[in-house]
Structures are given as structure tokens and as C-alpha cells.
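Below: one structure, written as C-alpha cells.
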Amino acid sequence: MTQHLINDETAYNEEVRDLAGWCQSNNLKMVKDPSQTVLSSTAWQAVPECQVEDKKASQQFLPPSHKTPEQMDSLLQMGRCKQVLVLAIFCLSASVMYSFIYHYSTTEEHTDQLVPQQIRAVPSISLRQPNCTCQGSGVLVLKDHLPKDRYDDIVKRRAEEYRKHHIRTSSSLNRLILAPSNIPLQYPIQGFTVVPLQKTLIPGLALHAAKRQSYKVTLRVSSGVLAIKALGEGDQEGQGENEITVQSTSLSDLNNLLGRMTYTSTVYRMRTGDLAHFTFEHHEAVFPIVIQQTSMPVLYDIGNDINYRVTIVTKTFLRYTELQVLISSIRTYYKDIKIIIADDSLEPQKVNGSNIEQYIMPPAQGWFAGRNLAVSQVTTKYFLWVDDDFLFTDKTKIENLVEVMEATPELDVVGGSVAGHGQFYFSLVYEEGNGEDGGCLKREGAVKYQPVPGFPTCSFTSGVINLFLGRTDAVRKVGFDPRLKRVAHSEFFMDGLGSLLVASCSHVSIGHQPKIANAKYSSFRRQKSKDFEDKLAHHFFKNHLKCIRYG
């Protein structure tokens, strides 16, 4: 007889176990053969407990020690496959049964034996966010540009203003909510909005649980009160308070009561929120309630032609020659469109022409103050911003920019390109930083995010050049900071970051007039060292910035 040797201890144990099972099923005993010293099933012998009458059967069920190596291998593989299959079926059945019992068949009397599934509400905005850093060339650390004699006072006042800003802009809606898995509670997870102080039915509340002797759920809020309209059969506690408990022996009756649950906010704000805690036994769910005053739409009748849709807006200072050239070029292509001019020249001159509005400002009020004034007088849905030394050409197609805006209602600003400057655009990346040091801002030129759908020559970005079509109401909400007088452009897009959707298009362009020597204008135009320092100190306080990197 050829011995089939197995030198792996694990395989040996499995083989012996298989042999023992075979012996038991065939009325045999298994004893150790003293003459065998190797790890092999042949070290064991099968001894009959009784006579096997069927000789064919006795041949068929020979023990492994009487089989060839090929037969032995086949037998072992079949046995192990059966073991794995049986074990897998057992584990799957146990898992399904445990899940069903744990989640749906537990009565209140046994909940103290289970680990509760808790929900966490984590603030997404904190006064102590991780610190940020500005790295690379072109980094400006803003605190280094504060007046030394007022440094401590400025830092203290900024911290207080940031604390108030956080109170004004944060709410319970800014919290991260993690939903537990496999719970029997049904509730609204999004879209439940109420008007301040007005009673509103909570949609979708229900319990889906296995049969019990009694069912009890609790609902709790913090910025409002709860009530059940037209109470029927069932017990309830807390009617008209911020916590209410509903209990019934009938699941159907309980869900009927939940279907009539109302919420009334006790806080009057334009936009805030509340978190409702919905519990059953050891299960708890949290869902948001948006408290918001309904606002009325502001619509613009855009008429049937470009004159009802767009106003051309500019600001001028000591450059009337360039301004007249600009107006003449506009009238070449758009003879009836309205032009609004904000003028803070030292000695204003009357600008003549049809459908032109000239607003005289106090002298040298600055770039952004003039933009604010001009845009405040726009009555059309859109305005086109141009500098007073630009030049309209046959490629200055305002209609093309309007087409992009009308096809993409979310857009607020769409820029073009300027001769000599190209399609200038840039990205703004802001990290909030922590409440003490402030945030970090990085401006990077020539960065696009993705194409505007349907317009392959247009891409989303953060900021564009001085030729842009703006959505009037959206730009007004951001505004132009009048403290920035001499050099300012990116600052408008910085203030609009997170609220203005901006795109840049290459298929619309405008010309630029040749420069004319103007010493007086240049003396105002050039940014002085003090202006630069004041602007950085302004960003430190106003935008709560730690540093800026211009790339």
C-alpha cells in the first residue's frame, strides 16, 4: 500500500477530521496505528463496530488508508468544499437573523441590553478652524502692514467684529448630521421650510416597526413648539411645547398622529434653522428645519431688443477725450442704447449726446465709488462695464454675452477680452483659517474651472477683466468698496467669492485706445506706497485675512 504523506499540520488535522466523520457515518471506529509516526491519515486505522453485509458498500466506503493518493486527494477536496459551504450558509443565516431581531423585534424592556445607535451633529463652522498658510513667491503677510501704534487695538476690534459676523451668518443648518443606518423612523431629510412664527405641518413623519404591545416616539426641537392637529385616539404629552411624546397600542393610530404633527417657530429671523430630534426606543434621527421669510422675486422685462436688456456703464476721471472716442464707437454699433457715466473729475465737463446720463461726483472720489454710483442707476436686467478708454469694434457683440447669461440663469458676471490684454481671468482660492489669525487667499492667473454648458468658448472662473456683462441685482448685492480709490479690480471678485458665479468668454472682445500723455491723471492713477499699505491693512480687517498670495 502506498502511503500518502502530508507534512502540513493544518492539512493533517483536517484530514483526520474528515476520516473521523467518514468512520462515524459507516459504523466504524478510528484508532491510532502505533507503527505510524508521520503526519498522515494512514496513521489511523478504521475498525468495524459491526459487520457490513453489503460487500459493494463496504468497498465503496473504504477508509482513506485503503485508497490511492488520487482517490484521497479527491475525497479531501470534496470534504473541505462542503465544510466551507456549510460554514458560509451558517454565517449568512446568523447575520440576517441577528439584524432582523436587533432592529425590529426588540421591545422596550430589552433596550438596556443594546448599544444605542447615536447621531452626531458636528459644527461645520467654528471659531477655531485649522490654521492656514500662504506659501510661495508673492506672499503678503497682512499684519506686517498695520500701523504699529494701533496694532493691538486693530487686532482686538477685528476679533470682536468676526465674532459678531459668525453669530450673524451661522445657524443650526451649518451643522454636519450623520444619519444612523437601518432605523425604523421616517422623516424629512431636506426641503422642510417654514415661515417664522407660522404653524406648518411636518411632512413624512412615520414609524415602521415590528409588532409590539405599545409604541412610543418623541420629537424635540429648540427654536419652536410642536403640536398635533385635531387629536384622536392615542396618548400625547407636550402639546404646544418644544418636546412632544406620542404613544399608542396601535401602530396605525400612532402614524396617524404623526401625520398631523405641526411645527411653529418661536424665533423671528430672515433665515435661520432648527434641528428636530426624532426618537424611538434606542433609535434617534435628526433632521433640519429651515426657518426663512419668504422673499418676493425681482424680475426685469427684457423687451424685444438689446436696448431694453443692457445699459453700458463707465466711470471717468480727467479723460474726456478718451470718453468721447468711446461714446462715438458705441454709437457706431448701438445708436440707441443707454450710457451711464460716473464722473469725479476735478473740473467736470458736460458730456452731450442722446440717451446719456452723466452723474457728477465730488472730486477724486475714486474708482469703486464711481462704479457704485453708476450701477445704482441701472434699470435694465444687465449692464456692460467698460473703461473710458475702450473702443467698440465689430467683435464687441453684447448680444453674445446676453445669450450666455440667458442660457445660464445661475451666471452673474461674464467677461470678454480686451485688445492688448487678452482674455484675462483668474482664480481665487480661500481657506478660512482660524478665528484668531484669519484666512488665507491665493489669486492665480489664467485658471479655468470647467466649460459653460453649451458654450465651448466660455469657462467658469473666479474673476475677469474690465469688460464684463453683469447681472444688475446680483452685482448690487456685492457692491464695490468705495474705500478702494486708486487701484482696484480683483477686490470686487474677492468680495463676491461664494455668491457670484463668474465666467470668461473668448468670442467677445473690445479694443483699447492708444495712450495719451496726461500727467495730472497719472499722478492720481498711480498707487502710492501709503495707498498700498492702507489697502493691505483694510484686507486684514475687512476680509479677516492673514495673508494674500498673488500668483
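All figures in this text were calculated on a predicted structure; none of them were measured in a lab. These numbers come from the heavy atoms of this one structure, side chains and all, not from hydrogens, waters or symmetry mates.
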Test your reading of the model: is there a side-chain donor-acceptor pair from Thr461 to the backbone of Phe426, 3.5 Å cut-off?
yes
What orientation do Phe468 and His489 show, parallel under 30°, tilted 30 to 60°, or perpendicular over 60°?
tilted
Roughly how far, to the nearest 0.5 Å, is CZ of Arg175 from OG of Ser170?
10.0 Å
From the list Asn518, Asp387, Asp388, side chain to side chain donor-acceptor pair (under 3.5 Å) partner of Arg319 resolves to Asp388
Validation row: Arg525, Val487 side chains within 4.5 angstrom (heavy atoms):
yes
Between Asn242 (side chain) and Ser222 (backbone), is there a donor-acceptor pair under 3.5 Å?
no
Donor-acceptor contact present, side-chain Ser172 to main-chain Gly273, <3.5 Å:
yes
Of Asp389, Leu391, Ile516, the one forming a side chain to side chain contact (heavy atoms under 4.5 Å, CB included) with Val325 is Leu391
Have Asp343 and Tyr320 got a donor and an acceptor in their side chains that come within less than 3.5 Å?
yes
Expected output: side-chain Thr262 to main-chain Ala227 donor-acceptor under 3.5 Å
yes
Any side-chain heavy-atom pair of Leu207 and Leu185 under 4.5 Å
yes
Check the pair Val478, Asp412 against side-chain contact (heavy atoms from CB on, under 4.5 Å), reporting the backbone distance first and the verdict last.
CA-CA 11 Å; Val478 175; Asp412 300 303; over 6 Å; no
Considering all heavy atoms, the nearest Pro288-Ile177 contact
CD-CD1, 4.5 Å
So, for Leu173 and Ile289, which heavy atoms are closest and what is the spacing to 0.1 Å?
CD2-O, 3.8 Å
Give a yes or no on whether the backbone of Pro409 and the side-chain of Arg471 come within a donor-acceptor separation of less than 3.5 Å.
yes
The reported gap from CD1 in Ile548 to NZ in Lys535 (rounded to nearest 0.5 angstrom) is 8.5 Å
Compare all side-chain heavy atoms of Cys458 with those of His507 and state whether any distance is below 4.5 angstrom.
yes
If I take atom OG1 from residue Thr408 and atom CD from residue Glu403, how far apart are they, to the nearest 0.5 angstrom?
9.5 Å
His538 and Asp481 side chains, donor-acceptor separation under 3.5 Å
yes
Once rounded to the nearest 0.5 Å, what's the spacing between atom CZ of Arg443 and atom CG of Leu441?
9.5 Å
Check against side-chain contact (heavy atoms from CB on, under 4.5 Å), Phe192 and Ile202:
CA-CA 7 Å; Phe192 180 41; Ile202 303 177; 3.7 Å; yes
Stepwise, does the salt bridge (charged side-chain N to carboxylate O under 4.0 Å, His left out) test hold for Glu406 with Arg309?
CA-CA 11 Å; Glu406 286 292 297; Arg309 300 180 180 186; 6.0 Å; no
Geometric cation-pi criterion Arg158 and Phe540, 6.0 Å radius, 45° cone:
yes
Can Glu357 and Tyr359 be counted as having a side-chain donor-acceptor contact under 3.5 angstrom?
yes
Under-4.0 Å salt bridge between Lys530 and Glu533:
no
Asp534 and Arg483 ion-paired at < 4.0 Å:
no
Measure up the Phe492 and Phe480 rings against each other and bin them: parallel (under 30°), tilted (30 to 60°), perpendicular (over 60°).
parallel
Hey, is Lys442 close enough to Glu431 for a salt bridge, meaning N to O under 4.0 Å?
no
Salt bridge Asp344-Lys315, side-chain N to carboxylate O under 4.0 Å
yes
Between Ser427 and Tyr449 the two heavy atoms that sit nearest each other are CB-OH, 3.2 Å
Main chain of Asp336, side chain of Asn355: is a donor-acceptor contact present, judged purely on distance under 3.5 Å?
yes
Enter the distance from Thr380:OG1 to Tyr308:OH here, rounded to the nearest 0.5 Å.
12.5 Å
Side chains of Ile398 and Ile312, heavy atoms from C-beta outward: is any pair under 4.5 Å?
yes
Heavy-atom count check: over 12 atoms from other residues, nucleotides or ligands less than 6.0 Å from Leu201 CG?
yes
Enclosure of Tyr550 OH (heavy-atom neighbours >12, cutoff 6.0 Å)
yes
Asp149, CG atom: more than 12 neighbouring heavy atoms under 6.0 Å:
yes
Side chain to side chain, Leu205 and Leu219, heavy atoms closer than 4.5 Å:
yes
Are any non-hydrogen side-chain atoms of Asp495 and Lys542 less than 4.5 angstrom apart?
yes
So that I can confirm a possible disulfide, could you see if the SG-SG distance for Cys440 and Cys134 falls below 2.5 Å?
no
Sidechain-backbone polar pair: Thr396 side chain, Ser509 backbone, donor-acceptor under 3.5 Å
yes
Less than 4.5 Å apart, side chain to side chain, heavy atoms only: is that true for Leu140 and Cys547?
no
List the atom of Phe278, the atom of Ala206, and the distance in Å for their closest heavy-atom pair.
CE2-O, 4.0 Å
Is Arg476 reaching over with its side chain to a backbone N or O of Gly479, donor-acceptor style, under 3.5 angstrom?
no
Check whether any side-chain heavy atom of Arg526 sits under 4.5 Å from a side-chain heavy atom of Ser522, and report yes or no.
yes
Given Ile339 and Val351, is the side-chain contact (heavy atoms from CB on, under 4.5 Å) satisfied, shown in steps?
CA-CA 11 Å; Ile339 303 172; Val351 178; over 6 Å; no
Before giving the answer on side-chain contact (heavy atoms from CB on, under 4.5 Å), spell out for Leu346 and Leu318 the whole-Å C-alpha distance, their side-chain angles and the decisive distance to 0.1 Å.
CA-CA 7 Å; Leu346 303 180; Leu318 301 178; 4.2 Å; yes
Do side-chain atoms of Gln365 reach the backbone of Gly370 as a donor and acceptor pair under 3.5 angstrom?
no
Look at the rings of Phe280 and His283 and say which category their plane angle falls in: under 30° parallel, 30 to 60° tilted, over 60° perpendicular.
parallel
Between Arg157 (side chain) and Phe541 (backbone), is there a donor-acceptor pair under 3.5 Å?
no
Are side-chain N/O atoms of Asp274 and Tyr263 paired as donor and acceptor at under 3.5 Å?
yes
Would you name the heavy atoms of Leu411 and Val502 that are closest together and state the gap between them?
CD2-C, 4.1 Å
Heavy-atom pair with the smallest gap, counting every atom of Thr272 and Ser171:
OG1-CB, 3.9 Å
Rounded to the nearest 0.5 Å, what separates atom CZ in Phe383 from atom CZ in Arg371?
8.0 Å
Does any donor atom in the side chain of Gln423 or Ser504 lie under 3.5 Å from an acceptor atom in the other side chain?
yes
When the aromatic ring centroids of Phe392 and Phe390 are compared, is their separation below 6.0 Å?
no
If you count the non-hydrogen atoms of other residues, nucleotides and ligands that lie under 6.0 Å from CD in Glu160, is the total more than 12?
yes
